[in-house]
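Only this structure's heavy atoms are used, side chains among them; waters, hydrogens and symmetry mates stay out. Counting starts at 1 for both ligands and their atoms, in listed order. Here the structure is a predicted model, which is why all the values come from computation and not from measurement.
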Amino acid sequence: MNNAVLVVGGAGYIGSHTVLALKDAGFLPVVYDNFSSGHRDACFGDHLVEGDLTDTAKLVHTMQQFGIGSVIHFAALIEAGQSVVTPLPFFQNNVAGTLSLLEAMNTAGVPRLVFSSTAAVYGNLTDVALLSEELPRAPINPYGDSKAMVETVLESCVSAYGLQAIALRYFNASGADAQGRSGERHDPETHLIPLVIQAAQGRRDRIKVYGADYDTPDGTCIRDYIHVSDLASGHVAALRHLLGRDAPGVMPVNLGTGQGQSVRQVIDAVRRVSGRDFIVEETPRRAGDPATLVADVRRAADLLGWAAVHSDLDTIARDAWAYAQASG
Ligand SMILES: NC(=O)c1ccc[n+]([C@@H]2O[C@H](COP(=O)([O-])OP(=O)(O)OC[C@H]3O[C@@H](n4cnc5c(N)ncnc54)[C@H](O)[C@@H]3O)[C@@H](O)[C@H]2O)c1
């Protein structure tokens, strides 16, 4: 088995946790990152190469230098709201950048890829209780479009180049490493749990709830929160699957829990684990927010033998709170 794994975007939130899990599983991760949003103190790989996704020659050289057998690709611009305002950098980085990576993999003869896709490829499918991979891709913003486009590109590369790929569609990544080695540090931060934690820490004066009149049990939006350490183990499982003999060509796989949590439940969990109270302000709905997004997780279980084990809301909130408090 070829253990050397190139982790593109490995200095970021999900990438850094995955590098830790890869090391625990006996792989040799090489982090490749341009530090546009990643952190130098979150690089846990055996090696670090500073470089850009669009630098095909550097990617080829890196793959050859370290004898890379597989690639895990996290590098992307991730802020869906910003992608509506400035779509071109999203397509440039997320689509053109991935084409560069695929070109480099062809040149270096690396056949396996685990790609960071997203629940955003499902768009606004509000009439479906659990989102299964068989549903059509229907993104509603340029960020989701960019990920759906890459999934299409991967499908075309199977017969042409013999690519073996899994597109992991994450639901709401959250939490932090239980040992405090890494955690969520996006700038700007747009994700609910770190924002609620900032309110609990007194670093923001309130938390806004965008819409309390949805057709959900408590009126607030429901999402599927998945602990980042569970996401990390999902990547190890995907990689092991690709390294097995019966790997499919390209397969999308949801990584979620199959359980939905409302905005109010998240706020209550942070109150519980932090012991702090803070102001909650209800405001009108935001455009483009579906009421409910919850994963159908059967494929991840059947194909990868994977299930979330750290993703109950109090564990997520407790780990995220501990990391935020330790980071000051
Ligand atoms: N965070 C979530 O909830 C979530 C949900 C669904 C999907 N995703 C996807 O997961 C992946 C990782 O997300 P994250 O939250 O860890 O984001 P992040 O911003 O923390 O990590 C992205 C990493 O990629 C690097 N990077 C970006 N562009 C690059 C380039 N051109 N060349 C080299 N490195 C580059 C950044 O420096 C950073 O280290 C992304 O592809 C994102 O779209 C995230």
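Among residue pairs with one or both ends in residues 25-38, those qualifying as side-chain hydrogen bond (donor to acceptor under 3.5 Å, both in side chains) are Asn34-Ser36, Asn34-Asp52; sequence neighbours excluded.
A cation-pi geometry, defined here as NZ or CZ lying under 6.0 Å from the six-membered ring centre and within 45° of its normal, does not hold between Arg137 and Tyr122. For the pair Arg285 and Tyr210, the NZ or CZ position fails the cation-pi test of under 6.0 Å to the six-membered ring centre and within 45 degrees of the ring normal.
Ring planes of His235 and Phe74: tilted class, angle from 30 to 60°. Between His186 and Tyr13, the angle of the ring planes goes over 60°, which puts this pair in the perpendicular group of the 30/60° scheme.
Contact residues of ligand 1 (protein heavy atom closer than 4.0 angstrom to a ligand atom; sorted by chain and number): Gly9, Ala11, Gly12, Tyr13, Ile14, Asp33, Asn34, Phe35, Ser36, Ser37, Gly38, Gly51, Asp52, Leu53, Phe74, Ala75, Ala76, Ile78, Asn93, Ser116, Ser117, Thr118, Tyr143, Lys147, Tyr170, Phe171, Ala173, His186, His191.
A side-chain donor-acceptor contact under 3.5 Å links Asp230 to the backbone of Ser311.
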